[in-house]
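Residue numbers start at 1 and run along the sequence shown.
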Amino acid sequence: MEFPDNRLAAALYGAHDRHLAVLEDMLGVRLINRGNRLLIQGSPAMREAAANILEALHERLARGESIDIGDIEGAVRLVQHPRALAGADSDNAKGKTGGAITQPAQASGEPPARLRIFTRRRVISPRSPNQVAYIEAMRAHPLTFGVGPAGTGKTYLAVMMAVEALLAGEVDRIILSRPAVEAGERLGFLPGDLREKVDPYLRPLYDALYDALPADQVERRLMSGEIEIAPLAYMRGRTLAHAWVILDEAQNTTPMQMKMFLTRFGEGAHVTICGDPSQVDLPGRDGSGLHQALRLLNGVEGIAIVQFDQQDVVRHPLVARIIAAYENDGRSHA
């Protein structure tokens, strides 16, 4: 392969050729670069896959987007599971996205435009088959459950979708909530006003917001009420209309809290509920409201449930192995 722009080729290869090393490890190929020229050695199928991935990522860079190791790993995952994008390609071919297909998504691991999320700071693409299904579900359904282990992008993608909808004028505000339940520790009484008291519980939501918007815009929208972050207890009695509402750590809701939250729907609302059923921190024996909701609402029209697993983990590869070890231990003691 030969790339016309040495600067883009360097970004494609990564610092010290780290991106190429990831591709070599995941696809079983050998990549030898000489400046903007690249030689790919391996089986015909893997050579073609590597070339298609590199071309697609080079196009991202040419559009002014950035890439990192996670993008490389995500492209390989999608190439290895072509059926994940087959439906999206079919819809695109039928004109649902308003653009022509220049390259089959399943050949390059590059999702079609409607599966990409556009925010002020970056463009986000799905990095696993279930992330594809999750984005599709949130675009098509007013209520979506994202259920699975930590590190699979459930909350992050939901916040990015909410920001995209707010910037596009599809919703008037974003409401982010989670139950204020300690993860096994006793934090005691926290000083400060309401926001300062609940901030420790809501920090992951802030992190995602700052990844989507410049810091000054996040603060301005928080002050104006366009973005609201509140503990679940403050949802009672409200009707949430024309808003994108996200409930995080939903496994720590009681059945009564979950029912209360689910009945807050107003006109033009989109709701995403994220949780990991294996990490319930509730005291007592009330049970998890997420468990009950998944059982009662499975198959209800307008509601989508997307199940993630350790293969969707987009953090350090070690996280997926840790999750698998815990799941295996749980099955052996069941």
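For Arg122, the salt bridge (Lys or Arg N to Asp or Glu O under 4.0 Å) partners at least two apart in sequence or on another chain are Asp211. Applying the side-chain hydrogen bond (donor to acceptor under 3.5 Å, both in side chains) rule to Asp207 yields no partners; only residues at least two apart in sequence or on another chain are considered. Residues passing the side-chain hydrogen bond (donor to acceptor under 3.5 Å, both in side chains) test with Thr155 are Asp248, sequence neighbours excluded. Residues that satisfy the salt bridge (Lys or Arg N to Asp or Glu O under 4.0 Å) test with Arg295, not counting sequence neighbours, are absent from this structure. Residues that satisfy the side-chain contact (heavy atoms from CB on, under 4.5 Å) test with Ala293, not counting sequence neighbours, are Phe145, Met258, Leu262, Leu297.
Counting heavy atoms of neighbouring residues, nucleotides and ligands inside a 6.0 Å radius, atom CZ of Arg18 does not exceed 12 of them. Summarising the local packing, CZ of Arg34 is surrounded by 12 or fewer heavy atoms from other residues, nucleotides or ligands at distances under 6.0 Å. Within a 6.0 Å radius of CZ in Arg30, no more than 12 heavy atoms belonging to other residues, nucleotides or ligands are found.
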Before giving the answer on side-chain contact (heavy atoms from CB on, under 4.5 Å), spell out for Ile227 and Arg173 the whole-Å C-alpha distance, their side-chain angles and the decisive distance to 0.1 Å. CA-CA 6 Å; Ile227 300 176; Arg173 54 187 173 146; over 6 Å; no

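Through direct or indirect side-chain contacts shorter than 4.5 Å among Ile, Leu, Val, Met, Phe, Trp and Tyr, Met256 is connected to no other residue.
Under 3.5 Å, the side chains of Ser128 and Asp312 contain a donor-acceptor pair of N or O atoms. Side chains of Glu249 and Gln251: a donor-acceptor N/O pair is present below 3.5 angstrom, by distance only.
Checking each of Arg120, Arg116, Arg139 against Glu164 for a salt bridge (charged side-chain N to carboxylate O under 4.0 Å, His left out) leaves exactly one that passes, namely Arg139.
Ring geometry, Trp244 versus His270: the interplanar angle falls under 30°, so the pair is classed parallel (tilted spans 30 to 60°).
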